[in-house]
Trainee: 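A single structure is presented below for examination.
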Amino acid sequence: MSDETTAHGQDARGAHAAAATRDEARFVEEIVDKDENYSRWYTDVVLKAELADYAPVRGCMVIRPYGFALWENMQQGLDRRFKDTGHANAYFPLLIPESFLRKEAEHVAGFAPQVAWVTHGGDEELEERLAVRPTSETIICTMYAKWIQSWRDLPVLVNQWANVMRWEKVTRLFLRTTEFLWQEGHTAHRTEEEAEEETLRMLGVYQDFIENDLAIPVVPGRKSESEKFAGALRTYSVEALMGDGRALQAGTSHNLGQHFAKVFDITFLDKDGQRKHVWQTSWGVSTRLVGAIIMVHGDNRGLVLPPRVAPIQVIIVPIFRKEAEREAVAAFVADLERDLRPHIRVQSDWREQTPGWKFNEWELRGVPLRLEVGPRDVAANQVVAVRRDTHEKRPLPRSGVGSAVPALVEDIQRSLLDRARRFRDEHTARAATVAELEEVVEERRGFVWAPWCGEAACEAAVKERSGATIRNIPFDRPDDRQACLVCGREGSAVLFAKAY
RNA sequence: CGGGCGGUAGCGCAGUCUGGUAGCGCACCUGUAUGGGGUGCAGGUGGUCGGAGGUUCAAAUCCUCUCCGCCCGACCA
């Protein structure tokens with residue numbers, strides 16, 4: 001048996017971690033302990049659960065079939081919500097002429113360092129460089145200018161599922177890669193109010209999806225001026241807390257105002273006969289959410305997937321010795337699968353491995369519920385159900401499985417959210433001064449409520465001293481006025497954290 | 001981008017200091033006994049030592065350049 005401590009080149013496992021996790025460690029030989037080295041744990045989980053692998057090009061990754069199945073389920077959950085709110089999908093090109101990108105000064109400045117350029121077609125140098133899209137505002141706005149003439153053409157509600165590229169200096173699988181997959185919604189409206197409404201509506205869609213489907217609690221709010229999208233009027237975000245106490249921006253929604261409309265000349269003739277610029281929004285979430293799932297729900301045995309998006313919701317592990325037992329179990333399992341398949345994504349594992357090996361494998365890969373079926377169960381007309389989240393093991397009568405299993409899976413979904421919410425609440429503190437905030441950020445991490453006056457200088461000062469940034473100005477917050485944690489002028493509570 | 005560390009079989013590593021032609025565990029293959037938490041035994045397959053150049057009779061080992069990854073920090077709409 002290989003010892004995971006030496007396998008990872010460590011002299012010794014931290015004594016503090018050993019006691020609490022010894023039981024779990026016995027089951028897992030391939031993943032470093034979460035408390036020992038969180039970053040390493042994260043990478044181990046991604047690799048060993050076969051979600052993704054490193055690609056030959058720096059900062060790029062291959063999303064493997066299991067990881068992609070997860071992403072596809074996430075796409076479905078989002079896409080349905082987009083369609084339900086009146087949006088339609090379209091596809092715009094990968095390449096954007098440099099001149100388009102340069103039209104909006106703030107926008108260019110924001111993205112310039114991260115843009116990858118196409119300079120040649122074959123051997124011929126291009127007359128104008130082409131940017132590999134870091135986001136599609138400029139190309140989409142160019143097209144909207146052609147398509148929109150009248151107030152009757154509005155609103156335009158379009159979403160695009162695409163890849164984008166940003167030349168990042170430091171990359172992490174799923175969290176920040178050079179190329180990533182996302183969706184970007186781009187809408188155009190007749191009035192400012194309508195655009196603002198849309199911006200907030202889509203932020204709400206993200207919150208609904210992330211909390212209900214991914215079981216990750218988020219804090220919706222508005223970004224500070226310094227953190228907003230380059231070229232936007234206002235940016236909103238939903239912020240989530242990861243297992244190591246760092247925050248992750250899980251989704252953003254921007255009210256673009258008329259900035260882009262003016263630059264790209266997107267106008268319409270309004271009811272009153274006046275020619276006006278449209279009001280726009282854009283909003284997006286990315287494969288980064290896969291990283292969030294891993295960090296919020298994962299444990300020392302590996303991945304824990306929320307049932308709603310898990311590629312396999314229930315794994316059946318057959319157990320047998322003799323051929324006769326195998327046949328009896330096979331018939332029982334086939335019947336079981338037939339019952340469950342209409343309700344649930346179920347799979348049975350007939351590979352030539354020992355049951356124990358399979359238990360570990362499927363736990364590592366995060367399957368929410370395992371059903372064990374052996375000769376004893378066939379005889380008792382039952383299955384043994386084991387939850388991935390609590391490790392609770394209990395027999396279920398075969399007759400009730402059709403309803404008990406879906407109910408159990410739903411319960412896992414619920415309790416994952418409950419547990420994540422409890423963790424987040426336990427890791428949310430208050431601070432009145434920068435020193436207090438620093439202490440929390442150093443020792444426990446997590447979210448910190450602290451009063452802020454609204455000045456960028458104070459925001460920057462906090463970042464300088466503590467490394468924490470304003471994640472957002474939550475919609476739902478204490479409304480008492482307090483002294484700004486930096487300058488002492490009147491301020492109100494905002495949410496700070498160290499962020500990914 | 002800075003500091004530190006690493007790249008040797010599919011995975012995890014030893015060998016590098018002190019040059020002599022590559023090894024261990026797991027995985028994999030075959031057989032056999034097994035199978036309710038990573039199964040035992042026996043036999044086997046597999047490596048241009050990240051890449052390029054140099055020094056040398058001889059390079060995984062020494063030198064130069066380069067690519068990739070990890071940890072910490074800076075940066076990041």
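Proteins get letters first, then strands, A, B, ... in listed order; numbering begins at 1 in each.
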Trainee: Just wondering, are more than 12 heavy atoms of other shown residues or ligands nearer than 6.0 Å to CD in A:E464?
Mentor: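 Check fails, neighbour count at 12 or below.
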Trainee: If you only use heavy atoms from C-beta on, which nucleotide in B:A74, B:G38, B:C70 is closest to the side chain of A:Y54?
Mentor: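 It is B:C70.
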Trainee: Any base atoms under 4.0 Å from A:K358, or only sugar-phosphate, or nothing? Heavy atoms, all strands.
Mentor: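 The residue A:K358 makes no contact with any strand.
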Trainee: For a quick test of reading the model: is some side-chain N or O of A:K463 closer than 4.0 Å to OP1 or OP2 of B:G73?
Mentor: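 No, because none of the side-chain N or O atoms of A:K463 sits under 4.0 Å from OP1 or OP2 of B:G73.
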Trainee: Counting the atoms with a prime plus P, OP1 and OP2 as sugar-phosphate, which does A:G284 contact under 4.0 Å by heavy atoms, base, sugar-phosphate, or nothing?
Mentor: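 It contacts nothing in the nucleic acid.
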Trainee: Just to be sure I understand the geometry, which residues of residues 321-335 of chain A put a non-hydrogen atom under 4.0 Å away from RNA chain B?
Mentor: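 Residues of residues 321-335 of chain A that come under 4.0 Å of RNA chain B are, in numerical order, A:R321.
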Trainee: Considering just the side-chain nitrogens and oxygens of A:Q353, establish if one lies under 4.0 Å of OP1 or OP2 belonging to B:C28.
Mentor: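 True: A:Q353 side-chain N/O within range (under 4.0 Å) of B:C28 OP1/OP2.
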Trainee: Strictly below 4.0 Å: does A:S39 bring a side-chain N or O up to OP1 or OP2 of B:C70?
Mentor: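 Result: no.
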Trainee: Mind checking A:V170 for me? I need base, sugar-phosphate or nothing, with any heavy atom below 4.0 Å counting as a touch.
Mentor: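 Base contact.
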Trainee: Within the pair A:R58 and B:G69, is there a side-chain N or O less than 4.0 Å away from OP1 or OP2?
Mentor: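 Answer yes for this pair, as a side-chain N or O of A:R58 is under 4.0 Å from OP1 or OP2.
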Trainee: Only distances under 3.5 Å count here; give the side-chain donor-acceptor pairs of residues 232-240 of chain A to other protein atoms, sequence neighbours excluded, each with its distance to 0.1 Å.
Mentor:
residue, atom, partner, partner atom, Å
A:R234, NE, A:E196, OE1, 3.2
A:R234, NE, A:Y236, OH, 3.3
A:R234, NH2, A:E196, OE1, 3.0
A:T235, OG1, A:F229, N, 2.9
A:T235, OG1, A:H254, ND1, 2.8
A:Y236, OH, A:E196, OE2, 2.3
A:S237, OG, A:E239, OE2, 2.8
A:S237, OG, A:N472, ND2, 3.2
A:E239, OE1, A:R471, NE, 3.2
A:E239, OE2, A:K223, NZ, 2.9

Trainee: The side chain of A:R40 lies closest to which of these nucleotides: B:C76, B:C13, B:G36?
Mentor: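 Of the options given, the side chain of A:R40 lies nearest B:C13.
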Trainee: Need one value for A:Y236: base, sugar-phosphate or nothing, where a base atom within 4.0 Å counts as base even if backbone is also close, heavy atoms only.
Mentor: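 No contact.
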Trainee: With a 6.0 Å cut-off on ring centres, are A:F82 and A:W283 close enough?
Mentor: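 Ring centres of A:W283 and A:F82 closer than 6.0 Å.
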Trainee: Please work out if A:E352 contacts a base, only the sugar-phosphate, or nothing of the nucleic acid, heavy-atom cut-off 4.0 Å.
Mentor: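 Touches a base.
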Trainee: Return no unless some side-chain N or O of A:Y42 is found under 4.0 Å from OP1 or OP2 of B:C70.
Mentor: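 False: A:Y42 side-chain N/O out of range (4.0 Å or more) of B:C70 OP1/OP2.
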Trainee: Pick the C1' atom in B:G44 and in B:G19, then give their distance to the nearest Å.
Mentor: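 Between the two C1' atoms, the distance is 33 Å.
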Trainee: For the backbone of A:P93 and the side chain of A:R133, can you confirm whether one donor and one acceptor N or O come within less than 3.5 Å of each other?
Mentor: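 Between the backbone of A:P93 and the side chain of A:R133 there is a qualifying donor-acceptor contact (under 3.5 Å).
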Trainee: Under 4.0 angstrom, heavy atoms only, what part of the nucleic acid is A:P375 near: base, sugar-phosphate, or nothing?
Mentor: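 Touches a base.
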Trainee: Using a heavy-atom cut-off of 4.0 Å across all strands, would you classify A:F320 as base, sugar-phosphate, or nothing?
Mentor: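 Base, at least one base heavy atom under 4.0 Å.
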